[in-house]
Asker: 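Before we start, here is the structure in question, set down as structure tokens.
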Amino acid sequence: MSVATGRLGCVYVVLASDSEGVVITPCDERTVSGVPERVSRAELPAAVARLERSRPRWVWDDTSRWYPSLLARGVRVERCVDLRLCHAILRNSPLSASSALATAEVNPWDSPAADVPAEDTLFEVGVDAALDPVAEFFLQRQAASPKLALLLSAESAGALVAAEMMFAGLPWRADVHDALLVRTLGPRPVPGSRPAIMEHVLTEVRSAARAPDLNPDSPGELVKALRRAGLTVESTRSWELKKIDHPVIPPILRYKKMARLLSANGWNWLDANVRGGRFHPEYVPGGVVTGRWASKGGGGALQLPKQIRGAVVADAGWKLVVADASQLEPRILAGMSADRGMVEAGSAGDLYAGIVSTGAVHTREQAKSAMLGAMYGATSGESGRLMPALARTYPQAIALVEAAARAGERGEKVATRLGRGSPLPSARWRDLQTQAASDESREGISAAARSEARTWGRFTRNFIVQGTAAEWALCWMASLRKALHLLAGDLWITESAHLVFFMHDELVVHCPAEQAEAVEGAMRQAAADAGRLLFGRLPLEFPLTVAIVDDYGQAK
DNA sequence: GACGGCTCCAAA
DNA sequence: AACTTTTGGAGCCGTC
């Protein structure tokens, strides 16, 4: 191995896989800085571990293809560049629109990541083996402005966090989960039949509705049965049924709640997703247009219902530290717009209370509702009505989201704080707008065009806030990951405090009990770091609600 | 029987 | 709780 460990100037190390093994190329920002080496796939983990001592930034096509195998062999890396994720950002950002990368023909770097092979295929050569990661890396460095470079490293750090969380898994007590199911639904039934308590509630439904053969899982049948019972319903949505006062409604609502638990997080879910006391969800960094993560399998880790969080239990002698960024999106809006009044409103811990104290609205609930309306583009209802008052008190903040909405309505791109660009509307959308603009357009067409334009405007309005909040969360995670690694010293990931769960504005760390307070401090510090990275010296606070608990159900 | 669209509900 | 954003998944139901 003559890719010398610690050689000066070797800031990046590019990994490329081919049919014979892996080529390791040391680089700096613009050029190859050393002699490429080839190692066999079996030798790679040891080679990476050795080179990691000089703390390079590992450059690879796709973190989800390289890192799980390294982790499985006990190799952790500090930094990386995930070329595919970064390519997607640079291809679409207004800040890199004139770069060679963005103006190039569509190429394989634009295609979504291939499905990660289930277990350990040890760096199998995929369809992308022909792509040259070194060339792509140089194109990317050339395209990235300083702001974009920050976004690219946050995005890549997120990919490392995701892989490490998937590796560690979320502590999950199958016995606790099972007890909850038995208590709520009855003992596990034979496949094809309903649990006893559910069956019992169903008999109540059937007799109250005088429909002995009713299949409650069929919305169509249920609506018909309710109408026969004299009720006027448009659908079987819970919120609609709740408005109705009739003896058949309570058992239906109970049944629906139970059916949801059974199908989404019942025994089948437990069998399929929990092994060895851990739930290993699949996170998909950059999986959402706004830059949020998506999740796959396991019912979607990002939709983990509060109802079953009691089954997330820390190991003996360990704790869960659960941190939630309070009122994140309104604070993000305050930061993006540098609206001094709104920044000020958030300085005393409760931003909504701060809004009330200016007299813009009367109650905290109104403040919350008005802010949601501002960020989502509410047109009707209470939040629509409250918007004008908000706009008078916080003109800069509201102007920012309004401008994003207008840009979207014109079919333009908008961007987050760090430069992630929104997608453009479809060709169909453009055609409709063009048609509506022409003289002979009919009333129906222009009404449809206006409606679609407003819909896209609501999307772009929300995009800048949701997307910037996602950037904040990436910076938060990246900074915390670094701090936890320092805390761990020479211990392996799962032997010391480590991240186990992420849900948009919430993080969970699993740690030995004696580390819990240090972890809480690190989480708060990381939140402050993230705020500074995005918004500089603006006196904007990102308070966390932190709970040190034995099980996730105890947090909030 | 496979597949896609629809409904409903979980999360932020 | 709907209004208004982004998602994932289960089950039903009609079509092929």
Side-chain angles (χ1 to χ4, degrees), chain A residues 192 194 214-224 233-244 252-253 255-266 268-269 272-273 281-309 324-330 332-333 365 368-387 401 404-405 408 414 416 420 422-423 451 454-470 472-473 501-507 552 556:
Chain A
R194 295 186 179 89
L214 173 68
N215 172 11
D217 300 317
S218 163
E221 271 193 49
L222 195 51
V223 166
K224 273 185 208 148
V233 287
E234 290 306 312
S235 73
T236 65
R237 293 187 180 94
S238 293
W239 64 264
E240 192 185 339
L241 300 184
K242 276 176 193 156
K243 294 189 298 197
I244 300 170
I252 289 179
L253 292 174
Y255 180 88
K256 285 168 75 81
K257 192 84 185 159
M258 295 166 100
R260 171 72 191 182
L261 175 62
L262 177 65
S263 78
N265 299 101
N268 293 342
W269 182 94
N273 293 292
E282 187 187 336
Y283 294 105
V284 187
V288 179
V289 279
T290 56
R292 276 184 171 183
W293 290 8
S295 65
K296 280 213 294 273
L302 298 176
Q303 290 97 239
L304 193 74
K306 291 198 162 78
Q307 202 182 2
I308 59 164
R309 292 185 191 174
D324 177 303
S326 320
Q327 307 160 337
L328 178 60
E329 293 195 352
I332 291 292
L333 175 54
E365 277 314 299
K368 193 171 174 177
S369 177
M371 280 304 298
L372 283 178
M375 292 181 299
Y376 289 151
T379 50
S380 62
E382 179 174 52
S383 60
R385 270 204 327 280
L386 293 168
M387 274 279 289
V401 284
V414 296
T416 59
R420 192 187 304 263
S422 66
S451 160
R454 283 198 209 97
T455 296
W456 195 258
R458 282 195 299 277
F459 164 62
T460 51
R461 170 199 294 265
N462 185 251
F463 180 94
I464 60 167
V465 180
Q466 187 183 119
T468 304
W472 181 89
F501 194 62
F502 168 65
M503 193 162 39
H504 306 310
D505 61 358
E506 191 169 333
L507 280 173
Y552 195 5
K556 208 160 86 163

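Values below: all heavy atoms of this structure, side chains included; hydrogens, waters and symmetry mates excluded. To find a chain, count down the sequence lines: A is the first, B the second, and so on, and within it residues start at 1. In this text the structure is predicted, and so the values were computed from the model without any measurement.
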Asker: Are the side chain of A:Q307 and the backbone of A:L261 linked by a donor-acceptor contact shorter than 3.5 Å?
Answerer: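 It does not hold such a pair.
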Asker: Considering all heavy atoms of both residues, which atom of A:S422 and which atom of A:T460 are nearest to each other, and what is their separation?
Answerer: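 Closest approach of A:S422 to A:T460, heavy atoms only: OG-CG2, 4.3 Å.
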Asker: Please name the pair of heavy atoms, one in A:L333 and one in A:V401, separated by the smallest distance, quoted to 0.1 Å.
Answerer: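 What the structure gives for the nearest pair is CD1-CG1, 3.8 Å.
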Asker: If only atom types and distance count, is the side chain of A:E240 paired as donor or acceptor with the main-chain N or O of A:S235 below 3.5 Å?
Answerer: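 A pair under 3.5 Å: yes.
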Asker: Does A:Q466 use its side chain to pair, donor to acceptor, with the backbone of A:T290 at less than 3.5 Å?
Answerer: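 Checking the backbone N and O of A:T290 against the side chain of A:Q466, no donor-acceptor pair under 3.5 Å is found.
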Asker: Taking ring pair (Phe, Tyr, Trp, His ring centres under 6.0 Å) as the definition, give me every residue that meets it alongside A:Y255, ordered by chain and number, with sequence neighbours left out.
Answerer: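 Result, ring pair (Phe, Tyr, Trp, His ring centres under 6.0 Å) vs A:Y255: none returned.
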Asker: Please report the distance, rounded to the nearest Å, between CD in A:E329 and P in B:dA11.
Answerer: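 From A:E329 CD to B:dA11 P: 16 Å.
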Asker: Which nucleotide, B:dA11, B:dC9, B:dA12, lies nearest any side-chain atom of A:H504?
Answerer: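 So the side chain of A:H504 is nearest to B:dA12.
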Asker: Can you identify which nucleotide, out of C:dT6, B:dA11, C:dT5, has its nearest atom closest to the A:R292 side chain?
Answerer: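 Looking only at side-chain atoms, A:R292 lies closest to C:dT6.
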Asker: Is A:T290 close enough to C:dT7 that one of its side-chain N or O atoms is under 4.0 Å from OP1 or OP2 there?
Answerer: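 For C:dT7, neither OP1 nor OP2 has a side-chain N or O of A:T290 closer than 4.0 Å.
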Asker: Side-chain N or O of A:K257 versus OP1/OP2 of B:dC9: is the shortest distance under 4.0 Å?
Answerer: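 No, because none of the side-chain N or O atoms of A:K257 sits under 4.0 Å from OP1 or OP2 of B:dC9.
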Asker: B:dA12 P sits how many Å from A:D324 CG, rounded?
Answerer: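 In whole Å, B:dA12 P lies 8 Å from A:D324 CG.
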Asker: Rounded to the nearest angstrom, tell me the gap between atom CD in A:E282 and atom P in C:dG8.
Answerer: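 Interatomic distance, CD of A:E282 to P of C:dG8: 11 Å.
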Asker: Between the protein and nucleotides 1-3 of chain C, which nitrogen or oxygen pairs are less than 3.5 angstrom apart?
Answerer:
none

Asker: Report which part of the nucleic acid A:V465 touches: base, sugar-phosphate, or nothing (heavy-atom distance under 4.0 Å, all strands).
Answerer: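 Here A:V465 touches no strand at all.
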Asker: Could you list the protein-to-nucleotides 3-6 of chain B atom pairs, N/O on both sides, closer than 3.5 Å?
Answerer:
none

Asker: Quick one: which protein N/O atoms are closer than 3.5 Å to N/O atoms of nucleotides 11-16 of chain C? Pair and distance per line, please.
Answerer:
| unit_1 | atom_1 | unit_2 | atom_2 | d |
| --- | --- | --- | --- | --- |
| C:dC13 | OP1 | A:S218 | OG | 2.3 |

Asker: Please find the pair of heavy atoms, one from A:S369 and one from A:S383, that lie closest to each other, and give the distance.
Answerer: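 Closest pair (atom of A:S369, atom of A:S383, distance): O-CB, 3.0 Å.
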Asker: On the side chain of A:R260, is there an atom forming a donor-acceptor pair with the base of B:dC9 - under 3.5 Å, no angle test?
Answerer: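 Such a pair is found, so the answer is yes.
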Asker: Can you name the closest pair of heavy atoms from A:Y552 and A:L304 and give their distance?
Answerer: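 Of all heavy-atom pairs spanning A:Y552 and A:L304, the closest is CE2-CD2, 4.2 Å.
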Asker: Find the distance A:R309:CZ to B:dA12:C1' and express it as a whole number of Å.
Answerer: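 Rounding to the nearest Å, CZ of A:R309 and C1' of B:dA12 are 10 Å apart.
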Asker: May I have the distance from A:I252 (atom CD1) to B:dC8 (atom P), rounded to whole angstrom?
Answerer: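 Interatomic distance, CD1 of A:I252 to P of B:dC8: 13 Å.
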Asker: Mind calculating the distance between CG (A:L304) and C1' (B:dC9) to the nearest angstrom?
Answerer: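 To the nearest whole Å, that distance equals 14 Å.
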Asker: Separation of A:W269 atom CH2 from B:dA10 atom C1', in whole Å?
Answerer: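 The distance from CH2 of A:W269 to C1' of B:dA10 comes to 13 Å, rounded to the nearest Å.
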Asker: If the cut-off is 4.0 Å, is A:S235 near the phosphate of B:dT7, judged by side-chain N/O to OP1 or OP2?
Answerer: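 Indeed not, no polar side-chain atom of A:S235 lies that close.
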Asker: Counting only side-chain nitrogens and oxygens, does A:R458 get under 4.0 Å of the OP1 or OP2 atom of C:dT5?
Answerer: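 Indeed, a polar side-chain atom of A:R458 lies that close.
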Asker: Assess, by modelled atom type and distance only, whether the side chains of A:R454 and A:S451 contain a donor and an acceptor separated by less than 3.5 Å.
Answerer: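 A:R454 vs A:S451: no donor-acceptor pair found between side chains.
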Asker: Please list, chain by chain and in numerical order, all residues satisfying ring pair (Phe, Tyr, Trp, His ring centres under 6.0 Å) with A:F459, sequence neighbours excluded.
Answerer: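 Applying ring pair (Phe, Tyr, Trp, His ring centres under 6.0 Å) to A:F459 gives A:W456, A:F463.
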Asker: Nearest to the A:N462 side chain among B:dA11, B:dA12, C:dT5, which nucleotide is it?
Answerer: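 That would be C:dT5.
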Asker: Restricting to non-hydrogen atoms, name the atom on A:A259 and the atom on A:D217 that form the minimum distance, rounded to 0.1 Å.
Answerer: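 Closest heavy-atom pair between A:A259 and A:D217: CB-OD1, 4.3 Å.
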Asker: Please name all residues satisfying salt bridge (charged side-chain N to carboxylate O under 4.0 Å, His left out) with A:E329, sequence neighbours left out, ordered by chain then number.
Answerer: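 Residues passing salt bridge (charged side-chain N to carboxylate O under 4.0 Å, His left out) with A:E329: A:R292.
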Asker: Would you indicate, yes or no, if B:dA10 has its OP1 or OP2 atom less than 4.0 angstrom from a side-chain nitrogen or oxygen of A:K256?
Answerer: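 No, A:K256 has no side-chain N/O under 4.0 Å of OP1/OP2 on B:dA10.
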Asker: Using atom CH2 of A:W456 as one end and atom P of C:dT4 as the other, report the distance to the nearest whole Å.
Answerer: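 So the CH2-P distance, A:W456 to C:dT4, works out to 17 Å.
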Asker: Within the side chain of A:R461, is there an N or O that forms a donor-acceptor pair under 3.5 Å with the backbone of A:A374?
Answerer: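 Judged by distance alone, yes, a pair lies under 3.5 Å.
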